[in-house]
Every structure is written in C-alpha cells, then in structure tokens.
Amino acid sequence: MVLLAVLIFVAVSSWSRQPAVARPSVQPIDFPHVVHVQTYKIDCQYCHSDARRSEYAGLPSVERCMGCHKITGAQLPEIKKLAEYFARKEPIPWVRVNKLPEFTYFPHKAHVRASVKCQTCHGEVEKMTTFAAAPGPRLANDLLNLAGFRPAPPPLTMGWCVDCHREQNAREDKKAPLDCVACHH
Amino acid sequence: MAPTTETIVGVFAHVDTTVRALEELKAKGYHDLTVYTPVPVHEIEDVVERDRPVSRVRLFTLLGGLTGAFSGFMLTIWSAMQWNLVTGGKPIASLPPFVVIAFELTILFGGIATLIGMVVLGRLPKFRPSPGFDPRFTRDRFGVAVHCAPDRGGSVREILGAAGAEEVKAV
Amino acid sequence: MNRRDFFKIVGATGAAAATAGCQGAGEHILPLVVPNEQLVPGVASWFATVCRECPAGCGVLARNRDGRVVKLEGNPDHPVNAGALCIRGQAALQGLYHPDRFAGPRVRAGGGLTPATWENAQKLVVERLAALRGAGKGRAVALVTQLEQGSLGVLADRWTQALGARPHVTLEPFAYEAIRAASRITFGRDAIPYYALEEAQVVVSFGADFVETWLSTVGYTRAFARMHAFRDGRAGTFIHVEPRQSLTASNADEWVRNAPGTEGMVALAVLRLMLEEGLGDRRFADAVARVDVKQVAERSGVAEATLRHLARAFGHARPGLAIGGGVAVSGTNATETQVAINLLNAAAGNVGRTVRFGPDSAYGRVTPYAEVAQLVQAMQRGEIEVLLLGQGVNPVHALPAGLGFAEAARRVGLVVSLATQPDETTALAHVILPDTHWLEAWGDYAPREGVTGLLQPTMSPVRDARPLGDVLLAVGRAVLGSEEGKGPLPWASFEQYLKAAWEPVVRGQWAAALRQGGVWRDVAPAAVQATAGPLAAGAAALEGDAGGFALLAYPSLRFYDGRGASRAWLQEAPDTMTQAVWDAWVEVPAEAAARLGVATGDVVRVSSPHGALELPAYVSATLHPQAVAIPLGHRYAPYHVPRYVAAAPTAMSPAALLGPATDAASGGAAWLGVRVTLARTGARRPLAILQATHDQDHRELAQHVDLRAAREQALRGRAGRHETISMYADQVYPGYHWGLAIDVDACVGCQACVVACQAENNVAVTGKASAAYGRQLHWIRIERWAEGPAAHPTNTFLPMLCQHCEVAPCEPVCPVFAAYRTEEGLNGQVYNRCVGTRYCGNNCPYHVRRFNWFQYEFPAPLEVQLNPDVTVRQLGIMEKCTMCIQRIIAGKDHARDAKRTVRDGDILTACQQTCPTRAITFGNLKDDTSAVTGLRHSPRAYTVLEELGTRPGVTYLKKVVREHA
Amino acid sequence: MSDQPTGTPTFADVNRDVLRTLEPPGHRYFAWMSVVALILAGGILFWTGQVWWGIGMAGKRVPQMWALYITTFVFWIGIGHAGTLISAVLYLFRARWRTSIYRAAEAMTIFAVLTAGLFPLIHAGRMWFAYFLLPYPNQRYLWPNFRSPLVWDVFAISTYLSISTVFFIVGLVPDIAALRDASTGWRRRIYALLALGWEGSDNQWRHYRRAYGLFAALATPLVLSVHSVVSWDFAMALVPGWHSTLFAPFFVDGAIFSGFAMVAVLVLPMRHFFGLHAYIRDKHLDAMSKLILVTSLVLTYFYLSEIFTALYSGDHFEKASLFWKVTRTYAWALWLMYFCNCIAPLIFFVKKARTHPVVIYVVSILVLIGMWFERFNIIVPSLAHGFYPYTWGIFVPSPTDTGIVIGSFAWFFLLFLGFIKLMPSLSIVEVKETLPPPMRDTRHGAHH
C-alpha cells in the first residue's frame with residue numbers, strides 16, 4: 001500500500017517538478033555553432049563574453065556579430081538576416097535552449113573560474129549545427145531509481161550538478177559548495 | 001478421471017457427533033481427513049490438531065519483523081548520510097528519532113509477512129472448490145471428508161453413518 | 001516565480017529592448033544591439049545621485065541590474081547621510097515603478113484626462129502662454145515647484161523672467177520659516193543654521209522631531225547617535241519637550257510633557273532659572289526678567305523642579321544644544337518660541353559651537369508661505385490664467401484647507417501639472433506633462449551650503465516622461481519664438497544646460513564629480529552676535545471651541561507631507577509608536593477616550609471651525625490630555641484600492657481641519673492653530689496594529705542597563721555570564737561563521753531597515769486586512785516595548801528578525817530539510833523544497849518566519865524592481881530573513897576574485913547598510929578581529945529568550961538608560 | 001450465557017440475521033446517503049478553492065500556523081484507536097463481548113484513518129509537493145528528515161492503515177465465504193472472488209487462527225505507538241502547552257475514550273435499525289459504558305496533572321499560557337471540554353444509565369464534541385499565547401476550514417454507510433463462536 005502510494009507520487013513528481021527545459025529550437029537565424037567553433041576555432045568566450053564575469057554567459061551583441069560578418073559571408077541569406085537586424089537596430093530574438101528553474105541560482109562566473117569546460121554542461125556544442133539540449137528530469141530515471149538501479153541523472157538536473165560538485169571536492173582541493181542555499185535562495 | 005482414491009463426505013448437524021466420527025475414523029486408521037466447520041470449534045480442533053505441529057505462520061512474522069527493524073535503521077541512517085544536513089544542532093545519525101521509524105517498519109513488515117504466511121500455508125486463494133466442500137459448511141453444518149482407497153468406501157460410510165451423520169455421500 | 005524576469009520591462013519602457021541585457025524569462029533572450037560598457041548583463045552597476053523624496057537631499061547610490069534599478073542605498077561619500085538612507089529614501093523605487101504613473105501626457109477632455117502626444121499637449125500650453133505674453137499679461141503665469149534651488153531652480157527663474165511671468169514659487173509645506181525669522185531677530189541672519197548635535201553633551205529639543213522629519217532626518221539622526229550612543233563613549237543626554245510622546249520623544253533620556261504651544265515659555269523659564277543658577281551669560285538676564293517661572297510651570301504643566309533640573313542640565317553642558325521644531329515651532333507663536341530657544345543657545349554659549357551659521361540649510365531658500373498665500377489670493381481673484389505645478393507639489397492635499405487652494409485653482413484658466421502620478425491636485429489639472437522621476441533625471445541639489453549633490457539618470461525612463469527642465473526650455477522657446485541656440489533659453493536640453501552650468505565648477509572633472517555624487521567643501525562657521533529685547537512668550541493662540549482639544553498635526557515619518565503615501569511599502573511599514581499600518585488615526589488621550597466611551601478603532605468625528613474628519617481613534621495614555629494628534633500626509637494611491645484597502649476614505653489628513661492662521665512674525669503656516677472637538681460616530685474602522693502588546697510580560701526581550709553600571713562593566717567586564725549547555729557537541733564551522741549584532745541602545749526605531757529589507761529581498765505587500773490578521777511578510781520588524789508608568793513609559797526599540805539559532809527549533813521539525821543549518825552558521829530556508837507544513841513557524845519562539853498565505857502580486861511595473869538575485873516566493877512557502885545570503889555569496893565571490901578571504905565591510909546586509917545609527921553589525925564570528933565578534937563579547941551583549949537554549953547567531957546589546965530617566 | 005432471554009439464536013439464525021442487514025436498502029437509507037454526499041461535495045469545493053487561492057483561505061495566521069485541520073486530524077486518528085483496541089487488545093484478553101461490535105469498530109478504524117490521512121494533505125501549503133515526505137530514491141538524492149515528527153506520522157499512519165486493513169480483510173474472509181454460499185447471481189460471483197475460495201477446512205482454520213492471533217499481537221503495540229507519535233507532533237515542539245512528556249499516554253487514553261464514544265454512536269443505530277438486539281445486548285452496552293467511564297476518569301487525571309505541572313514547574317511561559325487559556329478568549333472551549341470529558345461521563349456510575357441507549361448516545365455525542373475541543377484547546381490557544389508577546393493573536397475560523405472539517409465528517413459517514421450495506425457489519429464466525437455449539441447429546445449440554 002505504501003509502496004503503491006510512493007509510485008503514484010513519483011509519477012506525479014515527474015511533471016510537478018519544474019525541469020530544465022529542452023526544446024528543439026527554431027532560431028530566427030540558423031546559427032551553426034559547428035562552423036564557428038570547429039572551422040574557425042573561435043573561443044566560446046569570444047562571443048559569450050560575460051561568462052567569466054557574470055552570472056550569465058551572455059550573447060554577443062549584434063554589433064559584434066557584424067564585426068566579422070560585414071565582410072565574412074555577407075552574401076549568405078542567413079547573414080543578410082543578421083545585417084537587417086543590425087540595420088533596424090533590433091536585437092535578435094534568439095530562442096532560449098537552456099534554462100534552469102527560477103529558484104536555481106547558477107553563476108557562470110564561478111564555474112569558468114573553476115575552469116569547467118562549457119561542454120561539460122552544454123554538450124558538444126562544437127559539433128552542433130543547431131544548438132539543442134536534452135536535459136531535464138525524466139520519469140524513467142525515478143522509476144529506475146525506485147527499482148534499485150542508479151542511472152546517471154540527466155544533464156542539468158540537481159543530482160547531476162551534485163555529482164559533479166562531489167567529484168570536484170573529492171579530487172583537487174576545490175571547494176564546490178554543496179550547501180542548499182548556495183543555489184536555492 | 002479414473003479415481004485411485006475416493007472421497008466420502010459426512011455431513012453433521014452437531015459437534016459431538018462430528019467428534020465421535022473423527023475419533024472413530026482415527027481409531028480405524030483413517031488419517032487422510034478434511035474437516036469443514038463454519039466456525040473453529042475446539043472440541044473438533046482437539047481431535048484434529050492432536051498429532052500435528054503448531055502452524056509455522058509465526059516464523060514468517062518473526063522474519064518480517066526483524067527485516068523491518070533492520071531496514072528501518074538502514075534507511076534512516078543511510079539516507080541521513082546522503083547530505084549530512086544538520087538540523088537543530090543534532091547529530092547526523094540521531095538514533096532516538098530513528099527508533100520510531102524502525103519500530104513502525106517492524107510492525108508493517110511483520111504484519112505483511114504474517115499475511116503472506118497465512119495465504120501460503122493455508123493454500124489460498126483456492127480457485128476451484130475442493131470436492132468434499134458443501135455450501136452448508138459455512139452456515140451450520142459440519143463436514144468430514146475421508147480420502148480412502150476405493151475399496152474401503154463401504155466401511156467409511158458405515159462409520160460416518162454410525163456416528164450420526166445426517167447425510168453421507170461420495171464425491 | 002518570475003525572477004531575472006526581464007521581458008516585462010519592455011512593456012514598461014518603450015526603448016528597453018535596445019538597451020536591454022540578455023537574460024529573458026521563458027522563450028526569448030535578447031542580446032544588446034550595441035554593447036553598453038556600463039552594463040554587463042547579470043552584473044550590478046551603481047549610479048550616484050541625490051534623493052529628492054524630501055528637501056534633505058541625501059546622496060544615493062542606485063543599483064542597476066540589466067538596465068533597471070533594483071535597489072537604492074545611501075552614498076557613503078555624501079556628507080549628509082554617509083551611506084545611510086531613511087525609510088522614504090528606500091521606498092523611492094516604488095515611486096519610480098509606480099503602477100499609477102502617467103504613461104504619457106494627458107489632456108482634460110470633458111470630465112476625464114485623455115492621452116495626448118507631447119506635441120499636442122505642449123501646444124495647448126504654448127498657445128495659451130503666447131497669447132498671454134502677446135497681451136502683455138505675463139504676470140498671469142505662475143510656476144510652482146518643490147524646493148529647487150539648484151540649476152533647475154535657476155533655469156526656472158530665467159524662464160519666468162524671460163516670459164515675464166510671476167517669480168518662480170517653491171512650495172514646501174514644512175519650511176521652518178519660524179527658525180529663519182528667529183535667526184533674523186536674534187542673530188540678524190536670515191538662515192537656518194547647522195545644528196552640530198554630534199558635538200553636544202546635552203541636547204534639549206523643543207518638539208524637534210529629527211528622527212522623523214526635522215530638517216535632515218538621516219543627517220541629524222546620525223549626529224544624534226554619535227552624541228548619544230553609549231557605544232561611541234559619549235553617552236550624552238537628550239531631553240525632549242513635547243505634548244505627545246513622538247518617536248523622537250521616545251528616544252529621549254527624559255521626555256517632558258508640556259501643554260500644547262507652551263514650549264516658548266518653558267524655554268524662557270529654563271533660561272531664567274539657568275541664569276539664576278549663575279550658569280550662562282548674564283547679558284540675557286533682562287530679556288527674561290519678566291518671566292514668572294511659577295506661572296509658566298502652571299500654564300505649561302511642567303513642574304518647577306523639572307524646569308530647574310532642565311536649566312541645570314543644560315547650563316552645565318559643555319557644550320549643550322537647544323533645538324526647536326515640529327509642532328513647537330509651527331504654531332501661531334512659533335517665532336517667539338524659536339527666539340527663546342535661540343537665546344538659550346546664546347546664553348549657554350553654544351552659538352558658533354553647536355549652532356553654526358554658514359553651512360545653512362536649503363530650507364532657508366523656500367519661498368515664504370506669505371507669498372504662496374498671495375499667489376492663492378491672486379488665483380482667487382482670477383488674476384492667474386496659467387498655473388504650472390511641478391512634481392512633488394500637491395497643495396490641494398498638503399496645504400491647510402483654510403488656504404483655499406482647491407477653490408482658487410478652479411478659477412485658473414489652465415492648470416498644467418508635471419506630476420508623475422495622479423493625486424488630489426492633478427484632479428484639477430487641465431494638462432499633464434509627466435515629469436521624469438528623479439532616478440531618471442539630470443540635476444543637482446544642495447541640501448546645505450558647501451554640499452552640492454549631482455543627479456544623473458540611473459536607468460532609461462520607465463514611462464514616457466520628459467524632465468521639467470526640457471519642457472521649460474521647449475515651451476519657453478516656442479513661446480518666445482526663438483529657436484535652439486538663440487535667445488534667453490538657448491540650450492537643447494536641461495542636461496546640456498546643467499553640464500554648461502557646472503563646467504566652471506568641475507573644470508573637466510565632470511565624470512569624477514558624477515561618480516562621487518557631487519562636490520563638497522567645508523564651510524567656515526559665520527560669526528553672529530545675539531541680541532535680545534525683553535521677552536514674554538505666551539502660549540500659542542488657538543481658534544475654535546475653547547473647551548476643545550489642541551490639534552497636533554505633525555508630519556509623518558513615513559509619508560512626510562504625503563509624497564510618500566503612494567508607496568505601498570511605506571503604507572505597510574508600521575508607524576513605530578502605534579505599530580499601525582495602512583490607515584490614518586486620531587490619537588486621543590486616554591482620559592478623553594474614557595469620557596467619550598471610545599476604544600481604539602472606533603471612528604471619531606474630529607471637527608474644527610474649518611472642517612471635519614472621521615478617523616479611527618487610537619487611545620493613547622501618553623498624549624497630553626488637552627490635545628489630540630493626527631499625522632499629516634495620509635492618503636492612498638489609486639492602485640491601493642481595493643487591492644490593499646477595502647475603500648478609500650474621503651480625507652485622512654488633518655490639513656483638512658486647519659485654517660489660514662499663520663505665525664505672525666514669520667508668516668509661516670500655523671500647523672498648530674486650531675482646537676477641535678471630538679464626537680463618537682458609533683462606526684468602527686479597526687486599525688491594523690501589528691504588535692499585540694507593548695508590555696513584554698517580564699520576558700526580558702528588550703533589556704537595558706543603567707549608565708553607571710554599563711560604564712563599570714565596560715571597564716571591568718561583566719561578571720557571571722553563563723554559557724547555555726547542550727547535550728550535543730557544539731557545531732564546527734569549517735569556513736565562515738556569520739553573525740549579527742544589534743545595538744538596542746542605538747536603534748531609534750526609524751523603520752528604514754524594514755523597507756530596505758523589503759526592497760532587497762522581494763518581500764511582498766499584503767494589505768490592511770492581511771496585516772491586521774498577522775499575515776504581514778516583513779522579515780525584520782521594529783518592536784516597541786514600553787516600561788514604567790503608562791502615562792510616561794520608557795520605550796525600547798527592538799529590531800527582531802530570524803535569530804539564526806545554532807540549536808534552531810525550526811529545523812528538526814521540518815519533514816523535508818527545507819529548514820536546515822548551513823555550515824556557515826545560517827538558518828537555510830530552501831523555498832523550492834518547502835511543502836508548507838508551517839511546523840517551523842509554530843516552533844520558532846520568536847515568530848519571525850513568514851508564510852505565503854496567497855500568491856502575492858507585484859502590480860506592473862513594480863515587478864521590474866524585483867531583485868534578480870532573490871527568488872520570488874510562490875504561495876504556500878515559508879520564508880524568513882536569510883542574512884541577505886545573496887549578498888554573502890556575492891561578497892565571497894568578490895573576495896575570491898581578489899584571492900583573499902572576506903573581511904569586515906565586504907558584506908553589508910540591507911538592514912545594516914541603511915541604518916542611520918549603525919545599530920546593526922554583520923560579520924564573521926570566527927574572525928576575532930571583526931567588529932561583530934567584539935560586540936558579541938561586549939558586557940552589554942545578550943540574546944533574546946536565552947533560557948530556551950536556542951543559541952541565536954544574533955546578539956543584542958542592552959539599551960543604556962540614564963540615571964534620571 | 002444465562003442472561004439470554006428468549007431462545008439463543010442457532011448458527012443458521014446468525015447467518016439469516018446478518019444477511020438480512022445486507023438486503024437492498026430502503027429510501028430512508030438513500031436519503032441519508034445523498035445528504036451526506038451533498039455535504040461532502042461542499043467540503044471538496046472548499047478544498048479546491050483553498051488549493052487554488054492558497055492556505056490563506058483558511059483562517060490560519062501568525063501565531064496559529066496550525067489550527068482546525070490538525071485539530072481534526074488528531075481527532076480522527078483518535079477515533080480510529082477504539083476499533084483496533086476492540087479487535088486486537090480485547091481479542092488477546094479473550095473478552096468475548098467484543099465479537100458482536102468488533103467488525104463495525106474495525107471498519108470505523110479504517111474509515112477514520114482514511115479521513116485523518118486527508119488532513120496533512122489539506123493542511124500543507126503546497127500539497128502537490130507532499131510526496132517530498134516519502135522516502136523514495138530520486139535524482140535529487142534527497143530524503144525526508146527522519147528527525148521530524150511529521151515524517152514519523154507518515155510512517156505511523158501508513159503502517160496503521162495497512163495493518164488495520166489487512167486485519168479487517170482477514171477477519172472478513174470466512175464471512176464472505178458464508179455470504180457467497182448464501183447468495184446467488186452476480187453478488188455470488190463477487191463474493192466468491194473476495195472469499196479467496198475459503199472453505200473452513202481444518203487446514204485453513206489452523207493457519208488462520210494463528211495468523212489472526214499474531215495480527216492482534218502486532219496491532220496492539222502499534223495502536224499505542226500511533227497516537228504516541230501523533231502526540232509527539234506537539235510534545236517535540238517548544239511551544240508552551242505542547243512541550244510535555246505527559247502527552248503520549250494522555251493522547252492514547254483520549255483516543256480510546258473518543259473511539260468508544262464513536263463506536264457507540266455507530267453501533268446503537270445499527271442495532272436499532274437492523275434489530276440486532278439479540279447480538280448487541282445490554283451487556284455490550286454496559287461494557288462500553290464502563291470503558292468510557294474509566295477512560296474519562298483517567299483523562300481527568302491527566303488534565304489535573306497537566307495543570308499541576310504547569311503551576312509547579314514555575315516556568316513563566318507555561319504559567320502565562322495556562323492562565324491565559326483558562327481565563328481569556330478561548331476559555332469557553334476549555335470549560336466546554338472539561339464538562340464533556342470529565343463531568344458528563346460520570347453519569348455512567350448509575351447502572352441504569354450504562355445500558356440505556358439514549359443516555360449512552362447523548363453522552364457519546366458530548367464526548368466526541370469534548371474530544372474535538374480537547375485537540376482544539378491544545379493547538380489554538382497554546383499557539384495564541386506563546387513565547388513572543390509581539391505576535392500574540394486570536395484565530396478566527398473561516399468558511400473554508402470550517403467547511404472542510406464538516407466535509408470530513410460527511411466523508412467518514414459516507415464510507416460507513418456504504419460499508420454496512422455491502423459487508424456483514426457483524427462477524428458471522430465470531431458470533432457463532434460465542435454461541436453454544438450444537439450438541440445432540442445433552443450430557444455435554446453445559447458449554448464451557
């Protein structure tokens with residue numbers, strides 16, 4: 001009877017918990033990370049320049065994009081779109097891919113300082129033509145847990161963060177906080 | 001089916017007659033008996049249980065209880081270790097409160113084990129009524145079903161009849 | 001739970017998207033088009049400016065996150081407030097993001113105001129002005145603003161001259177004209193001096209409510225703390241003379257209750273006795289020769305012994321200081337009273353020492369009330385065709401009804417209001433050209449000689465508004481028909497004008513001046529000679545039923561003259577003395593209440609010769625039996641009703657009861673001028689009073705120690721301090737151990753911390769009904785605990801917040817670890833884990849945990865103010881003080897960048913940061929050198945409800961009471 | 001069995017009489033049913049509103065973070081106890097008079113616990129996260145705080161519910177078999193399924209009897225533990241008026257007290273409407289009355305010692321809290337409680353009263369009221385006058401919490417009404433056991 005109750009509630013839990021969203025993203029401009037990162041070897045932080053100093057990684061200003069694209073590939077249709085945005089002095093309404101719940105505080109700065117690679121959380125962006133993520137809690141995981149198996153928690157879930165923090169603390173002299181209120185306040 | 005043994009049922013209206021029949025049968029060396037009673041009657045039990053061990057249900061209970069107690073402490077202490085969160089300045093593995101959990105689980109597991117024991121040993125659930133059964137046995141009649149070699153049927157009827165069965169039938 | 005919620009601002013500000021940072025909630029994220037070097041998304045940048053909520057002109061730092069201002073803090077470099085900010089300053093944000101703010105120009109069509117374009121709206125004004133000018137009737141134009149003596153004031157003067165309009169009028173309801181006049185009479189100088197409280201040994205205040213509103217509340221409260229707090233070793237004496245036990249009176253070591261309007265004679269009697277005792281300058285003997293002490297004692301109700309004691313205390317002080325303010329110097333005899341006070345100072349030789357002319361207050365520049373009265377008369381006579389009213393002025397509400405401003409205004413052809421949000425005065429306006437909020441504007445303001453603060457826009461305008469300066473320039477040029485660069489008003493914008501005006505001062509150092517928040521220099525005290533003829537101050541003359549009660553109409557700590565009342569934060573912050581929120585009340589002396597048979601909450605009809613007011617009674621044992629008191633400035637903003645209060649009463653401010661009476665000598669408005677009669681209506685309007693009782697029932701929550709004992713302990717240390725023993729091992733703190741120390745001796749109960757916390761931590765506003773039912777959400781509260789005789793209690797103010805106990809009762813009862821102990825000594829509260837069993841709330845002996853009974857809303861655009869670093873709590877969640885965990889995290893982060901550990905001062909909690917008296921200290925208890933550790937081991941240290949063994953992380957320091965108190 | 005007036009019912013009579021109670025009900029029954037259902041619907045509506053708009057809909061506040069819901073929760077848990085006590089403890093003591101009422105009492109237990117179980121959910125600010133209290137492995141690696149009495153509750157109550165249900169079902173099996181053999185058509189098929197093919201063979205009986213005894217042995221400590229745990233919700237807290245070692249026995253006794261009152265309230269009408277006077281005899285009523293009387297006296301003793309400790313301890317907070325309770329806002333509730341729980345039952349010292357159905361019924365109702373108010377008096381006034389004078393305050397119930405509480409009673413009676421028509425509310429088997437087994441030979445006449 002108790003077990004039954006548990007099962008029901010676990011099922012409930014999988015939707016009632018706000019997960020990290022993961023949607024196939026249709027971007028206003030078809031931006032290929034693969035080209036920028038692999039072909040042109042541009043460092044992540046060249047564009048996402050706030051990561052090292054801010055809670056947010058930040059997006060490149062349209063001006064910065066134009067910095068290269070005034071010349072580079074200016075004739076390509078997607079780049080033309082970019083140019084139009086710039087001409088209209090409008091921000092590009094990028095569609096959000098990674099988002100943590102509102103009650104979770106995730107500072108990029110601290111993680112960059114601890115020299116965590118972007119790919120650790122965002123996946124192999126350098127191989128992505130369209131950026132996507134498949135994170136978030138899944139009912140399957142809870143059920144497997146319940147059955148006694150311990151599947152690795154999917155990316156951008158709490159358990160996943162915690163695993164990494166614990167590894168860090170176990171290895172080097174790092175002090176990755178495991179305090180609840182470090183992230184939830 | 002070709003009967004290698006036959007079953008003869010005697011239906012009784014009274015306890016004392018039933019008891020007499022049982023005594024008689026046992027004396028005559030019939031040990032493969034099934035007794036149906038609407039309620040447990042100790043006169044009958046005395047006869048039936050005389051040469052049988054006590055029910056083993058209690059072993060189930062004991063094991064269940066122990067499992068409960070153990071898993072109770074395991075769960076609480078182990079899960080507390082998962083985060084080492086201090087509350088109210090108390091130690092991580094603060095046993096006194098955990099005793100409560102352990103106790104409740106002891107009872108729970110013990111109870112469930114007992115149920116299992118009863119079902120398993122009592123051969124429940126039974127999907128098809130056994131041949132000797134008669135609906136009257138759950139109301140106010142007592143039944144004695146004797147399983148014997150086909151050739152002994154006659155004497156069994158005799159005994160039952162003599163003991164005062166209202167009705168004797170072979171099934 | 002919307003947090004880091006940027007997108008809504010786009011709805012709020014037209015141009016936001018272009019200047020916006022990048023983190024969007026939900027679907028879209030917007031990059032900057034052109035990077036703005038000042039704004040790194042997710043990193044706060046600070047802009048220095050000047051608070052214009054009242055004429056005190058404190059320096060302010062605005063915290064800008066992702067293009068929007070989310071918090072105000074005092075500017076530590078500013079000489080007036082040195083980092084502190086008062087409750088009204090903290091709440092200014094709610095003026096910036098006020099839901100009722102005009103979204104753009106409005107023009108009256110038919111009954112109501114309809115939106116219009118700037119062009120059309122301005123055209124209306126321009127045409128009218130041009131016509132008048134053509135007809136040579138420039139005098140029919142009047143410009144009224146709040147006190148603007150900086151560049152804007154000068155521009156306004158230029159503008160009026162250029163158009164030949166009437167001289168620019170600055171309107172401040174409380175202008176302390178009596179002090180000016182008295183200075184003229186006694187010292188021959190038309191100014192309001194600087195009173196150096198910090199250097200006085202004994203301060204005798206005649207109604208000067210400096211903790212609430214007097215002149216420069218933050219500045220003088222700071223000064224008071226330095227002169228009075230035991231902490232700084234001065235432990236000076238403060239004596240307060242007032243008929244009502246105001247917040248300031250509660251902070252006095254000795255509160256002397258006098259009959260209303262008799263402060264003047266009391267001062268003279270004290271002076272006479274002082275001279276009789278041979279203390280002070282004999283030259284003033286003949287000035288008080290005719291003062292009959294016995295008669296004074298009898299008329300003022302102050303015992304002769306008390307007068308003598310005052311005289312001795314004041315006479316022996318080296319130096320002392322006598323100040324006058326509040327009701328005492330705003331009566332019909334205000335100037336006489338202030339003259340008497342001046343003489344006290346002169347005779348005691350305080351002039352030049354604690355009374356300093358030179359760094360004179362900006363209040364001295366306010367247009368005299370007499371001229372305002374003349375303007376109103378002119379309006380009545382229909383001589384005024386165009387009346388322009390700047391923001392911050394609301395004469396219909398704030399000026400005595402007897403002046404008849406409303407009627408007069410109805411006779412004006414075109415009333416142009418530049419207010420930012422609707423009020424009683426805009427209701428009469430024909431055209432509204434919304435001014436920018438001061439947080440969006442350029443400008444400068446000099447609160448006193450030698451200190452000039454600079455205002456700069458701290459964010460892009462929240463609404464479609466234009467600064468007054470720009471409007472004046474545009475309109476002026478249009479009227480004069482001159483174009484940009486030419487004529488008397490050549491400047492393209494006020495910004496340009498300001499920079500031009502400042503160039504000679506800053507000489508290229510503009511940026512530096514902006515960063516500092518202004519420029520300041522020391523001003524040498526000017527030498528003045530005191531002269532005095534024979535004096536015999538009488539009591540204030542009050543019109544109305546001789547048997548009635550003197551009406552004490554006093555400016556409210558929270559609303560000043562009503563400017564603050566539209567802020568929900570201020571409405572919900574309790575008035576410290578009554579602990580009432582969300583409503584006005586009439587303070588009725590207990591005797592009278594008994595006679596009328598009214599209890600607190602019964603509606604009473606207060607009638608004066610000039611009007612009547614129906615207010616719930618607050619029965620007070622301390623108020624003088626011949627007086628009733630009503631705070632000024634109470635009103636509701638449209639969005640408060642019915643969201644926070646059931647219905648809006650017609651009027652709540654005593655201004656409606658006051659006549660045209662003035663103080664003859666100065667011409668200033670007489671706030672103490674009428675007697676009123678009380679009548680029971682039978683109706684009830686229960687007040688939302690947050691504190692159940694002011695008697696702490698021997699529970700030693702607020703403790704005090706005698707001055708002598710305190711001195712002794714300070715030398716020898718305190719004997720017999722026992723540590724509470726525990727069955728468990730003490731907690732070990734691997735890193736930091738945060739702690740808080742609160743000096744009850746320093747706390748004056750100004751409530752600034754309450755609103756600061758509310759602003760910092762996204763604490764919602766609940767409204768009157770909820771607050772009355774114990775559902776308010778403040779994380780910190782200021783309690784008033786009264787001891788001694790009911791009619792004359794000693795009040796102690798106790799800031800109460802989460803005690804962050806080491807052995808916290810709230811933690812073990814939480815079934816899901818939502819409440820737990822962090823390894824840095826905080827009581828963590830994990831909102832997203834909380835299920836809402838409220839067990840912790842029951843089990844907290846201090847009852848400082850707050851529960852989200854409903855889903856509380858932040859009406860747009862107020863949600864733009866929400867602090868992105870703090871979760872907005874959902875319904876059904878328990879919340880409480882976190883010691884500003886987000887600031888702790890930020891502080892540790894910065895320290896780590898600098899490759900060091902956190903030091904004292906790296907982290908200031910919001911409450912500590914804003915406290916004018918530095919009563920709150922945050923720090924690391926593991927660091928023996930930190931201030932908080934020192935205080936924790938002070939002989940005055942104690943913890944609340946110590947016997948429960950909760951081992952709080954918050955230490956309190958006992959209030960130090962003076963022998964004669 | 002000398003006190004049996006007219007002829008003792010035979011085994012067959014028992015079957016007949018019990019089966020009679022299961023005959024299709026009359027319109028009166030349905031009228032009652034629909035009234036109850038209507039009230040329940042109201043309660044559900046209020047609950048929906050509360051979930052939607054927030055706990056604020058209920059009259060809770062600082063300082064009464066808990067109020068009517070927990071009050072009623074404890075009340076229902078208490079009610080449950082009598083059932084288990086009758087079926088388990090009295091079974092172990094071989095108190096034969098229990099047989100005719102224990103089935104109803106057990107059903108009551110289960111329904112009471114089912115009702116009580118709702119309240120923690122209703123009470124929680126975010127009940128949709130209530131599963132956080134359950135220990136199950138999850139991706140967050142988070143577990144409940146086993147130091148919290150609320151988690152003890154979760155375990156105690158779910159265990160209690162499970163065990164009582166098992167106990168109840170096991171007790172039913174032989175009876176259902178009897179129903180099976182007495183009924184026809186679809187009913188027969190259903191009962192056949194539920195009877196698990198019970199035949200009453202000697203083998204089944206011997207394990208059954210043993211198991212039943214063991215259940216009783218397990219249920220006895222359990223029933224004592226459950227209400228102790230519930231009492232610790234309060235005793236573990238710091239609040240003056242809660243923080244007392246007295247609470248566990250105090251609550252258990254109160255529970256049995258109120259439980260028996262509820263049994264009387266349920267059984268007396270059954271006896272009347274189903275004409276079960278032959279089975280529920282005066283001696284049963286007498287025994288129940290005596291138990292109510294005894295528990296009442298014990299309770300009175302606890303009340304006195306509670307007051308005594310508050311006074312004798314010299315603890316300022318305790319004393320202040322006590323004086324406030326006795327004299328201020330909620331004093332009426334306190335005195336009402338004293339009357340209902342201490343004075344009213346004293347009438348059972350009169351022998352006639354002990355067997356007079358109406359008297360018993362009235363007293364029982366009073367006791368139920370009294371016991372509900374006991375919990376109210378423990379929770380609301382204690383919180384109203386706690387450690388911190390600033391937040392002293394008065395709780396005012398709102399339509400929502402009142403409605404939900406009333407709804408919970410409807411829910412309980414709905415379940416019970418359903419039960420008495422679907423299941424034998426008298427234990428056929430155990431009643432038969434108490435009857436003299438049929439003997440032909442009168443020499444064995446005297447039964448032992």
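Each chain gets a letter, A, B and so on, in the order its sequence line appears, and its residues count up from 1.
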Fill in: Shortest non-hydrogen separation from B/Lys90 to C/Pro812 and the atoms involved
NZ-CG, 4.0 Å

Item to complete: Let me know if C/Glu806 has heavy atoms under 4.5 Å from chain B in its side chain, its backbone, both or neither.
Response: backbone

Practice prompt. Count the heavy atoms belonging to other residues, nucleotides or ligands that lie under 6.0 Å from CZ of B/Arg128, then report whether that count exceeds 12.
Written response: no

Worksheet item: Take atom CZ in B/Arg157; do more than 12 heavy atoms of anything else shown fall under 6.0 Å from it?
Response: yes

Worksheet entry | Least distance between heavy atoms, B/Gly89 atom then C/Tyr728 atom | O-CB, 3.4 Å

Worksheet item: If you draw a 6.0 Å radius around CD in B/Glu158, do more than 12 non-hydrogen atoms from other residues or ligands fall strictly inside?
Response: no

